[in-house]
Amino acid sequence: MKEYFIQNAKDFIGEEVTLKGWAYNVRKSGKIWFLMLRDGTGIMQCVVTKFDADEDSFNIKDSITQESSVIVTGEVKEEPRSPGGYEMLAKKVELVSIAEEYPISLKEHGIDYLMDKRHLWLRSKRQHAIMRIRHTIIKSIRDFFDDRDFTLIDTPIFQQAATEGTATLFETDYFGEPAYLTQSGQLYGEAGAAAFGKIYCFGPTFRAEKSKTRRHLTEFWMVEPEMAYYDLDMNMDLAEAFVQYIVSQVLEHRRPELETLERDISILEGIQTPFPRISYTDAVKILQKNGVDFKWGDDFGGADETIISSQFKSPVMVHRYPAAIKAFYMKRDPENEEQVLALDMLAPEGYGEIIGGSQREDDIDLLIQRIKADGATEEDYAWYLDLRRYGSFPHSGFGLGLERVVTWLCGLKHIRETAPFPRTMTRLNP
RNA sequence: UCCGGAGUAGCUCAGUGGUAGAGCGAGUGGCUGUUAACCACCAGGUCGGGAGUUCAAAUCUCUCCUCCGGAGCCA
């Protein structure tokens, strides 16, 4: 017998198949009952009647409970009355295990209750759709860079010091010495770019900031490409092609899941390259035109980002930020000492920053100046400075926050649903 | 850390000083085309913890705890 998955039901019409899964829901009538069976790829309505199934199979209706594991054998049919358009007429039903009373009913539950049951909540339709979209986004990320001859360079999760002085890091005891969980692989990525030309790292990152908002996790995944001999414009070219590719892959492969989430797909279809590019200075003008009391030199808050991004249908790239509000490694703009060759990409619909990047400072003297201005020493960044000593080169890169992109593309209100087991300030279990 | 909001049945909630409620879920029975099925019956409570006011507190006051939302910071 062929291997069979519910998502491929249309390939099995008229055939007898065996379906192994769990009871999503059961509706009983006198001499007929309907089993909504979940197999991990979808949900299939199985019809069990006294005519078509044997007596033992039929009587399972008296003992089966929500999420009991079952194996059903029967013929796949097209059936307009069935949710999904297909159903299975059961000949045989086997109970593998009877589930105890399942804590997640098909009715509404509060977010904290559901997060306590996250290991079970993942089985529900909505979470299933989100995780499959997340999967497609991750695959798109890898495919995009792999297809462009980027080499994957994994960067360490234990790090001795902060990448950017300001962020609060998680400290661990590393054989008696303090070590910190990484907040970025970027500095290591630059070493990789000098060795391999174009690289990316993709892994978990950690922020210990006590932020409780819909946009923050303490543990999230970030992909960070780094490219030798790329300037700011080339960096932005790559960033927009990258995001456009992710959007197109989700639209191509995850339309049913977007529909499950009731995402407005037309908004995603309206995203097109080239993405708008505006300077920080122009972004400030947009804010001022919209009545925001904003001074050149301040950083944008969430509300400011929403105003700026709402001017455009596609993600907008804001470039050339004030040096004072950006990291020490960003290259100074040769045309204006006050600003650096940075870029942020803001997603539409108020979803905020999904990419932050820059051309990197390749002049060792200027870099040392910035390091000292941050209160650090040359010794702190000894190996990083070596990259400028031994064949310095223009290079650029950016970081994209995976969960922020999942939130945006799924149209979610909160980032915590985008990770299988999210970590927030108040959530370490399950 | 700061500013708001919430905590009542397994779940989601109503209940503003006078006998603790509903829907769903669980249980029992019925039903051959159900769509979060439906109908009938039924069980289920330390009203977040502690203290106070009052003849009387889920309800008013104080305090603690937990969670939610937002700000700052960031991806």
Side-chain angles (χ1 to χ4, degrees), chain A residues 24-36 43 45-53 58 61-63 65-66 77 79-85 87 89 99-117 121 124-126 162-169 182-186 202 204-224 298-305 325-327 344-347 351-357 398-408 413-416 418-419 424-427:
Chain A
Y24 189 76
N25 192 21
V26 180
R27 288 184 287 270
K28 300 168 198 173
S29 204
K31 298 189 178 77
I32 183 170
W33 56 287
F34 300 89
L35 165 65
M36 303 304 292
I43 296 172
Q45 173 165 288
C46 303
V47 185
V48 191
T49 72
K50 272 194 157 159
F51 281 121
D52 303 287
F58 182 78
K61 78 177 171 68
D62 297 325
S63 51
T65 56
Q66 189 186 358
K77 305 192 308 184
E79 174 53 69
R81 284 176 294 185
S82 171
E87 72 177 17
L89 187 59
E100 292 177 29
E101 186 183 339
Y102 194 62
I104 302 177
S105 71
L106 297 177
K107 292 277 184 175
E108 58 200 330
H109 297 281
I111 186 69
D112 198 47
Y113 179 82
L114 289 168
M115 275 300 173
D116 279 340
K117 310 271 186 280
W121 190 23
S124 72
K125 261 187 210 166
R126 180 183 162 80
T163 305
E164 308 170 29
T166 51
T168 316
L169 306 185
T182 182
Q183 57 156 332
S184 165
Q186 187 213 305
F202 188 20
T205 48
F206 307 88
R207 302 283 166 90
E209 255 113 25
K210 295 192 173 178
S211 38
K212 293 165 70 171
T213 82
R214 66 179 70 181
R215 295 188 304 278
H216 288 86
L217 296 170
T218 53
E219 175 182 320
F220 61 96
W221 279 59
M222 186 155 68
V223 56
E224 296 175 277
D298 289 346
D299 208 352
F300 303 130
D304 303 322
E305 289 179 351
I325 57 170
K326 287 292 184 184
D344 279 2
M345 187 188 289
L346 308 179
Y351 280 97
E353 185 181 345
I354 52 172
I355 279 181
F398 59 83
L400 173 137
L402 172 66
E403 285 81 2
R404 289 246 175 116
V405 173
V406 179
T407 308
W408 163 47
K413 290 199 178 79
H414 202 298
I415 197 168
R416 74 190 140 200
T418 64
T424 65
M425 244 182 95
T426 56
R427 175 65 58 187

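These values consider heavy atoms only, across backbone and side chains, with no hydrogens, waters or symmetry-generated copies. Computed from a predicted structure; not experimentally measured. Lettering follows sequence order; numbering is per chain, from 1.
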Heavy atoms under 4.0 Å, any strand shown: does A:Asp299 hit a base, just sugar-phosphate, or nothing?
-> sugar-phosphate

Assign each of A:Lys413 and A:Gln45 the nucleotide of RNA chain B bearing its closest heavy atom; nearer the 5' end lies the nucleotide of A:Gln45

Determine which nucleotide pairs with B:A43, using a 3.5 Å limit on both distances of a Watson-Crick or G-U wobble pair.
-> none

Of the listed B:G10, B:G25, B:C73, the closest approach to the A:Ser211 side chain comes from B:C73

Separation of B:U34 atom P from A:Leu89 atom CG, nearest Å, is 16 Å

Is the distance from OP1 or OP2 of B:G69 to the nearest side-chain N or O of A:His414 less than 4.0 Å?
-> yes

B:G5 versus B:U46 - spacing of their C1' atoms, nearest Å | 25 Å

Base partner of B:G25, which must satisfy Watson-Crick or wobble distances under 3.5 Å = none

Verify salt bridge (Lys or Arg N to Asp or Glu O under 4.0 Å) between A:Glu79 and A:Arg81, making sure each step is shown before the conclusion.
-> CA-CA 5 Å; A:Glu79 174 53 69; A:Arg81 284 176 294 185; 3.0 Å; yes

If B:G4 has a Watson-Crick or G-U wobble mate with both distances under 3.5 Å, name it; if not, just say none.
-> B:C68

Out of B:U32, B:A75, B:U34, which has the shortest distance to the side chain of A:Lys31?
-> B:U32

Of the listed nucleotides B:C68, B:C74, B:U32, the one nearest the side chain of A:Arg215 = B:C74

Is A:Tyr102 touching bases, backbone alone, or none of the nucleic acid, heavy atoms closer than 4.0 Å?
-> nothing

What is the pairing partner of B:U32, taking Watson-Crick or G-U wobble pairs with both distances under 3.5 Å in any strand?
-> none

Any strand: nucleotide that pairs with B:U59 via Watson-Crick or wobble, under 3.5 Å | none

Nearest-angstrom distance from the residue atom CD1 of A:Ile32 to C1' of B:C31 | 11 Å

Looking at every strand, decide which applies to A:Glu87 at a 4.0 Å heavy-atom threshold: base, sugar-phosphate, or nothing.
-> base

Does A:Phe220 lie flat on the base of B:A75, that is, centres under 5.5 Å apart and planes under 30° off?
-> yes

How far, in whole Å, is B:G69 from B:U12 if one measures between their P atoms?
-> 15 Å

A:Phe34 has its side chain closest, among B:U32, B:G33, B:G72, to B:G33

Find the distance A:Lys212:NZ to B:G5:P and express it as a whole number of Å.
-> 14 Å

N/O donor-acceptor pair, side chain A:Arg416 with base B:C68, under 3.5 angstrom | no

If only side-chain N and O atoms of A:Arg207 are considered, is one of them under 4.0 Å from the OP1 or OP2 phosphate oxygen of B:G72?
-> no

Search all heavy atoms of A:Arg404 against all heavy atoms of A:Ile354 and return the closest pair with its distance.
-> CB-CG2, 4.0 Å

Tell which nucleotide pairs with B:G17, taking only Watson-Crick or G-U wobble pairs whose two distances are both under 3.5 angstrom.
-> none

Quick one: is A:Thr426 getting a side-chain N or O under 4.0 Å of the B:C68 phosphate, OP1 or OP2?
-> yes

P spacing across the pair B:C2 / B:G52, given as an integer number of angstrom | 29 Å

From B:C74, B:U12, B:C31, pick the nucleotide closest to the side chain of A:Arg404?
-> B:C74

Assess the side chains of A:His414 and A:Thr418: does a donor N or O sit below 3.5 Å from an acceptor N or O?
-> no

P atoms of B:G48 and B:A57, separation to the nearest Å | 15 Å

Look at the side chain of A:Thr218 and the backbone N and O of A:Ala208, then say whether any donor-acceptor pair between them is shorter than 3.5 Å.
-> no

Inspect the contact between A:Arg427 and A:Asp112 and indicate whether a charged nitrogen and a carboxylate oxygen are less than 4.0 angstrom apart.
-> yes

A:His216 NE2 to B:C74 P, in whole Å, measures 9 Å

Length of the CD-P vector between A:Glu403 and B:C74, whole Å | 19 Å

Verify the neighbour count for atom NZ of A:Lys125: are there more than 12 heavy atoms of other residues, nucleotides or ligands below 6.0 Å?
-> no

Nearest whole angstrom, please: distance from the P of B:U34 to the CG of A:Leu106.
-> 18 Å

Heavy atoms under 4.0 Å, any strand shown: does A:Leu217 hit a base, just sugar-phosphate, or nothing?
-> base

Integer-rounded Å distance: B:C73 P and A:Ile325 CD1 = 9 Å

Sticking with atom C1', work out how far B:G25 lies from B:C42, rounded to a whole angstrom.
-> 14 Å

Identify whether any heavy atom of A:Gly352 sits under 4.0 Å from a base atom; if not, whether one sits that close to sugar-phosphate; answer base, sugar-phosphate or nothing.
-> nothing

Of all heavy-atom pairs linking A:Ser82 and A:Gln45, the shortest is OG-CB, 3.4 Å

Interatomic distance at P, B:C64 relative to B:A9, whole Å = 25 Å

In the strands shown, is B:C74 matched to any nucleotide by a Watson-Crick or G-U wobble pair with both distances under 3.5 Å, and which?
-> none

Atom NZ of A:Lys77 and atom C1' of B:G33: how far apart are they, to the nearest Å?
-> 10 Å

Side-chain atoms of A:Ser29 come closest, of B:U32, B:U34, B:U1, to B:U32

Indicate whether the side chain of A:Ser184 and that of A:Glu224 have a donor and an acceptor atom separated by less than 3.5 Å.
-> yes

If each of A:Arg427 and A:Lys50 is mapped to the nucleotide of RNA chain B with the nearest heavy atom, which maps nearer the 5' terminus, i.e. the 5' end?
-> A:Lys50

For residues A:Thr407 and A:Val405, determine if any side-chain heavy atom of one lies less than 4.5 Å from a side-chain heavy atom of the other.
-> no

For atom C1', what is the distance between B:C68 and B:C13, given to the nearest Å?
-> 16 Å

Given the C1' atoms of B:U19 and B:A58, what is the spacing between them in whole Å?
-> 14 Å

